[in-house]
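Numbering of residues begins at 1 and proceeds along the displayed sequence. Keep in mind the model is a prediction, meaning the values are calculated, not measured.
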Amino acid sequence: MIRALKSEIEKLKKDIDNHINGHPELKNRKLLESIPGIGSVLSRELTYLFAAKTFKNAKQVGAYSGLIPKFHESGKLKGRTTLSKTGPSRLRAKLYMAAVVAGRYNKSVMRQKETLLKRGKAMMQVIGANMRKLMQICFGVVKNQTEYQPQVV
């Protein structure tokens, strides 16, 4: 039974890939996979997202994904900052692992990670910021229809 289910999963993945390759408006997948940290699973999800929704800027993508910081303050109480977590949680779950990987292999995300850690931010805040940066990079790649090119500082 397990072998049959695994073969069905592989067949479905091939069908999805063939469908994406067969439609020119869904060709963003290869561009997204040029970003270090974005793999085949997240590239499929983001290809669907950018085909189904139209975003004017990267801020809208971050807001839709639930990656906007939410402050918890009341009077003298200075609470922590968390993510707003609006939007699809399955996307944030996949972005989490991509942000962890990008924190090791993507130069611009690594730079941001080091800066935030030096400022004393908690590791989960850093990963949340990396998730947002990764979504902004993905939006820029899809909008400009060019492969990822790290910014030189």
Would you name the heavy atoms of [X] and [Y] that are closest together and state the gap between them?
X	Y	answer
N106	P36	ND2-O, 3.3 Å
L32	V141	N-CG1, 4.4 Å
K59	I68	O-CD1, 4.4 Å
V109	L134	CG2-CD1, 4.3 Å
I38	A98	CD1-CB, 4.5 Å
L67	S84	N-OG, 4.2 Å

Flag the pair [X] / [Y] as yes when at least one side-chain heavy-atom distance between them is below 4.5 Å, and no otherwise.
X	Y	value
E45	R90	yes
L31	V142	no
Q145	N28	yes
Y64	P88	yes
Q125	P69	no

Determine whether more than 12 heavy atoms belonging to other residues, nucleotides or ligands lie under 6.0 Å from atom [atom1] of [X].
X	atom1	value
K85	NZ	no
F55	CZ	yes
E147	CD	no

* To do: Using the side chain to side chain contact (heavy atoms under 4.5 Å, CB included) rule, take Q112 and V126 through it: C-alpha gap first, then chi angles, then the decisive distance, then the call.
  => CA-CA 8 Å; Q112 177 183 355; V126 171; over 6 Å; no
* Is it true that a side-chain atom of R92 and a backbone atom of S65 form a donor plus acceptor pair closer than 3.5 Å? ->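 It does hold such a pair.
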* Exam field: side chain S108 to backbone P150, donor-acceptor pair closer than 3.5 Å ->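 Here the side-chain-to-backbone pair does not exist.
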* Geometric class of the F139/F50 ring pair [parallel <30°, tilted 30-60°, perpendicular >60°] ->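 Plane angle between 30° and 60°, so tilted.
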N/O donor to acceptor pairs below 3.5 angstrom from side-chain atoms of residues 116-123, sequence neighbours left out:
none

* Could you go step by step and tell me if N130 and L95 meet the side chain to side chain contact (heavy atoms under 4.5 Å, CB included) rule? -> CA-CA 9 Å; N130 288 349; L95 269 171; over 6 Å; no
* Kindly determine whether R29 and S40 satisfy side chain to side chain contact (heavy atoms under 4.5 Å, CB included), including the steps that lead there. => CA-CA 8 Å; R29 184 165 177 219; S40 60; 3.5 Å; yes
* **Ionic contact status for E10 with K14, cut-off 4.0 Å** =>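 Not counted as a salt bridge, because no side-chain N and carboxylate O are separated by less than 4.0 Å.
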* Side-chain ion pair, D17 and K13, N-O less than 4.0 Å ->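 No.
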If hydrophobic clusters are built by linking Ile, Leu, Val, Met, Phe, Trp and Tyr wherever their side-chain heavy atoms come under 4.5 Å apart, do [X] and [Y] end up in the same one?
X	Y	answer
L91	M124	yes
L49	I20	no
I35	V100	yes

At what distance, to the nearest 0.5 angstrom, does [atom1] of [X] lie from [atom2] of [Y]?
X	Y	atom1	atom2	value
E33	C138	CD	SG	11.0 Å
H19	D15	NE2	CG	10.5 Å
M131	K94	CE	NZ	12.5 Å

* Give the other cluster members for Y105, using side-chain heavy-atom distances under 4.5 Å between Ile, Leu, Val, Met, Phe, Trp and Tyr residues; answer none if it is isolated. => V101
* Check the pair L46, M135 against side chain to side chain contact (heavy atoms under 4.5 Å, CB included), reporting the backbone distance first and the verdict last. => CA-CA 9 Å; L46 292 176; M135 277 301 285; 3.7 Å; yes
